[in-house]
Amino acid sequence: MNYSIPRGTYDILPSQSHKWQYLIRRFQDLAAAYGYHEISTPIFEQSALFERSSGSSSDVVQKEMYRFLDRKGREFALRPEGTAPVVRSFIENSWDKTQGRTKLFYTGPMFRYDRPQAGRYRQFWQYGLEFFGSSHPFYDAEVIAFLWNFLSSLGLKKIHLEINSVGCPNCLKEYETALKAYYHPHLDELCGDCQNRFEVNPKRLLDCKVPSCGVIAQNAPSQLDYLDEDCRKHFEQVQHYLNLANIEFKVNPRIVRGLDYYSHTAFEVIFEGLGAQNTLAGGGRYNYLVQQMGGRATPAIGFAGGFERLLLALEEEGLALDTDLVPDVYAIAMGESAQKALMPIIFYLRNQGVKVDYDPEKTSFKAQMKAANSSHARYCLIIGEDELSSNSVILKNMETGEQQNVAMDKVSTHLLQIL
RNA sequence: GUGGAUGUAGUUCAAUGGCAGAGCUCCGGAUUGUGGUUCCGGCUGUUGUGGGUUCGAGUCCCAUCAUCCACCCCA
């Protein structure tokens, strides 16, 4: 019996691991600069948490959740997204009652039972950030600026920011009525998916990729024309602050967020050149979610992005992130007594943080030199009979080929100096 | 969930239905004391898995699993 990794998952192998660590550290550092603090929630929660927050009609809840019963028959789900658990914790810790503003961020695995595809996995890692406690448009801009600066500071060039306002439940109702009125006479011309969308989620009619539907969508009424006074003003102010923050963006009235809890500002960062899964990160305001989940009414805004797509994008742009795994020193011993002399040096250096590699199974000098070469170590430390008798070692610079004799009791301090 | 493509050595790929191969990697050697280049030699396979057709299947058929691409959806 052979075991294999579950579908849609992957191992983060040593060759990739340092990239992840690097990205997570970058995210944590930037979050600290913006005054955000890390929160970690369990990877499973009561299923009902997601059903209520994401909307029970959403695809995520309907067909993509990993559900299971525990031993007492309680229903849980592996978290498909990060916002609902954070909101749950926010309310459970009474931050809705005791604090003015709460700034939180998280990174961790999410789970969706989806058909795997480029940039889409069943277990995937998200980085996300949530702001609670103010509906001031400054914070919309702050959260968006954070996301934008995080991504662009990594060197990505082929990204752009799109923003939209999906309004509040008030304007939404009016807009959907207008949308349906517009689409009704065209019902027969729509593709099958869109005929379904007409009933289930009319907003999705706008971003259908079937050409004939796109033509119809072009003249459809825009959400932006149906914003009420407050929502319109808010959206204008968000743009104002984004300009002040020097963030370039484009208003795209067709941005639709997948989860039901969003209101007002919605935004996405798109990468050109990733194939179909080109959304690097997305987010928006959710001013009604905290109350809907049983807390005191608290406006909030946040975003989430996927590390896998981010890595694909970085690779696509040739941004390597290679902090490499090469040793500083490759040690070579010729013969048993040389090996005996080498051991204390190797372990001393390692305990000082120097990366030292040595392979006792390679005995010939040539084999050891070859190994030293292919390890890309900067230095090679050689001990043989000659060195033993003179109580010294050879230190060879593998790039220049230069080598020098160093007294055996001095080599560690010498190496620690030159590395 | 729907549609399409693909699964052969560690890896990238070959192989009219007729003996499973090559490059790279890896290992060894060219006087165990100087690497990269070169030369010589060597290891590595239930051809994803299970059935079927056939004298004979890596090749054809069915099922299944996985990967990739697109839809759907989304990070």
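Small disclaimer: the values here were computed from a predicted structure and weren't measured. Residue numbers begin at 1 in each chain, while the letters A, B, ... track the order of the sequences.
- The aromatic rings of A:Tyr226 and A:Tyr175 sit tilted relative to each other, their planes meeting at an angle between 30° and 60°.
- One atom, OH of A:Tyr262, and another, C1' of B:rC73, lie 14 Å apart when rounded to the nearest Å.
- The side chain of A:Met334 has B:rU32 as its nearest neighbour among B:rG36, B:rU32, B:rC73.
- Among the nucleotides B:rA75, B:rU67, B:rG33, the one closest to the side chain of A:Arg120 is B:rA75.
- For the pair A:Lys366 NZ and B:rA30 P, the interatomic distance rounds to 8 Å; values are reported in whole Å.
- Between B:rC40 and B:rG23, the two P atoms lie 11 Å apart (nearest whole Å).
- When each of B:rG33, B:rG35, B:rC69 is scored by its nearest atom to the side-chain atoms of A:Ile382, the top-ranked nucleotide is B:rG33.
- The A:Arg7 side chain lies nearest to B:rU67 when the options are B:rG36, B:rU67, B:rA75.
- Looking at which nucleotide of RNA chain B each of A:Ala377 and A:Arg309 is closest to, the 5′-most match is held by A:Ala377.
- Aromatic ring centroids of A:Phe44 and A:Tyr66 lie 6.0 Å or more apart.
- Looking at A:Gln403, its side chain comes within 3.5 Å of the base of B:rU34 through a donor and an acceptor atom.
- Listed candidates were B:rG35, B:rC27, B:rC68. Nearest to the side chain of A:Lys396 is B:rG35.
- Counting only heavy atoms from C-beta on, A:Arg115 has its side chain closest to B:rU2 among B:rA30, B:rG33, B:rU2.
- Side-chain N/O atoms of A:Gln117 include none lying less than 4.0 angstrom from OP1 or OP2 on B:rC68.
- A:Met398 comes within 4.0 angstrom of a nucleotide base, judged by non-hydrogen atoms across all strands.
- Note: CG (A:Asn278) to P (B:rA70) measures 10 Å, nearest angstrom.
- No engagement by A:Gly128 is indicated, since no non-hydrogen atom pair under 4.0 Å with the nucleic acid exists.
- One can place CZ of A:Phe50 at 22 Å from P of B:rC73, the figure rounded to the nearest angstrom.
- Look at the P atom in both B:rU12 and B:rU67: the space between them is 15 Å, to the nearest Å.
- Spacing between atom CZ of A:Arg122 and atom C1' of B:rU67 amounts to 12 Å, rounded to whole angstrom units.
- Of the C1' atoms belonging to B:rG42 and B:rU25, the separation is 14 Å, rounded to the nearest Å.
- The side chain of A:Phe365 lies closest to B:rU34, out of B:rU34, B:rA66, B:rC72.
- Here the CG-OH distance, from A:Asp29 to A:Tyr34, works out to 13.0 Å after rounding to the nearest 0.5 Å.
- In this structure, A:Arg350 forms a cation-pi arrangement with A:Phe347, its terminal cationic atom sitting closer than 6.0 Å to the ring centre and no more than 45° off the ring axis.
- A:Leu280 comes within contact range of the sugar-phosphate backbone alone, with a heavy-atom separation under 4.0 Å but no base atom that close.
- Across all strands shown, B:rA20 forms no Watson-Crick or G-U wobble pair with both distances under 3.5 Å.
- Here the separation of B:rC24 from B:rU6, taken at their P atoms, is 28 Å to the nearest Å.
- If you measure from atom OH of A:Tyr121 to atom P of B:rC68, you get 6 Å, rounded to the nearest angstrom.
- B:rU49 and B:rA63 make up a base pair, with Watson-Crick or G-U wobble contacts both under 3.5 Å.
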I'd like to know whether A:Lys250 forms a salt bridge (Lys or Arg N to Asp or Glu O under 4.0 Å) with A:Glu162, so could you lay out the CA-CA distance, the side-chain angles of the two residues, the decisive distance to 0.1 Å, and finally the verdict. CA-CA 5 Å; A:Lys250 142 174 138 190; A:Glu162 299 187 355; 3.7 Å; yes
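- In the set B:rU67, B:rG35, B:rU32, the nucleotide with an atom closest to the side chain of A:Thr363 is B:rU32.
- In terms of phosphate contacts, A:Lys362 brings a side-chain nitrogen or oxygen within less than 4.0 Å of OP1 or OP2 of B:rC27.
- Between B:rA20 and B:rU46, the two P atoms lie 15 Å apart (nearest whole Å).
- Contact of the A:Gln16 side chain with the A:Gln21 side chain is not registered, since no non-hydrogen atoms from C-beta on lie closer than 4.5 Å.
- Summarising the base pairing, B:rA9 is matched to no nucleotide, lacking a Watson-Crick or G-U wobble pair whose two defining distances lie under 3.5 Å.
- As judged by a 4.0 angstrom heavy-atom cut-off over every strand, A:Ala281 is placed among residues touching the sugar-phosphate backbone only.
- Counting distance only, with no hydrogens placed and no angle test, the side-chain atoms of A:Glu387 and the base atoms of B:rG33 include a donor-acceptor pair under 3.5 Å.
- Whole-Å rounding puts the A:Asp357 CG to B:rG35 C1' distance at 15 Å.
- Pair assignment for B:rU44 gives none, since no Watson-Crick or G-U wobble pairing has each distance under 3.5 Å.
- Crowding of A:Gln195 atom CD: a count of heavy atoms from other residues, nucleotides or ligands under 6.0 Å exceeding 12.
- For the pair A:Leu205 CG and B:rC72 C1', the interatomic distance rounds to 14 Å; values are reported in whole Å.
- B:rU34 makes up no base pair with any nucleotide shown, lacking Watson-Crick or G-U wobble contacts both under 3.5 Å.
- A distance cut-off of 5.5 Å between ring centres, combined with a plane angle under 30°, leaves A:Phe307 outside any stacking arrangement with the base of B:rA75.
- Contact annotation: the side chain of A:Phe198 approaches that of A:His184 to within less than 4.5 Å [non-hydrogen atoms, C-beta and beyond].
- Residue A:Gly82 is classed as having no contact, given no heavy-atom separation below 4.0 Å to the nucleic acid.
- Among the protein residues, A:Gly335 comes within range of no part of the nucleic acid, since none of its heavy atoms lies under 4.0 Å from any strand.
- Taking atom P in both B:rU11 and B:rC73, the straight-line distance is 36 Å, to the nearest Å.
- The separation of B:rU31 from B:rU8, taken at their C1' atoms, amounts to 42 Å, rounded to a whole angstrom.
- Of the candidates B:rA75, B:rG33, B:rA30, the closest approach to any side-chain atom of A:Arg112 belongs to B:rA75.
- Across all strands shown, B:rA70 is found opposite B:rU2 as a Watson-Crick or G-U wobble partner, with both distances under 3.5 Å.
- Closest to the A:Glu385 side chain, of the nucleotides B:rC69, B:rA75, B:rG33, is B:rG33.
- Projected onto RNA chain B by closest heavy-atom contact, A:Asn373 and A:Gly119 fall at different nucleotides, the more 5' of which corresponds to A:Asn373.
- If you look at A:Tyr36 and A:Phe105, their ring centroids are not closer than 6.0 Å.
- The separation of B:rG48 from B:rG35, taken at their C1' atoms, amounts to 40 Å, rounded to a whole angstrom.
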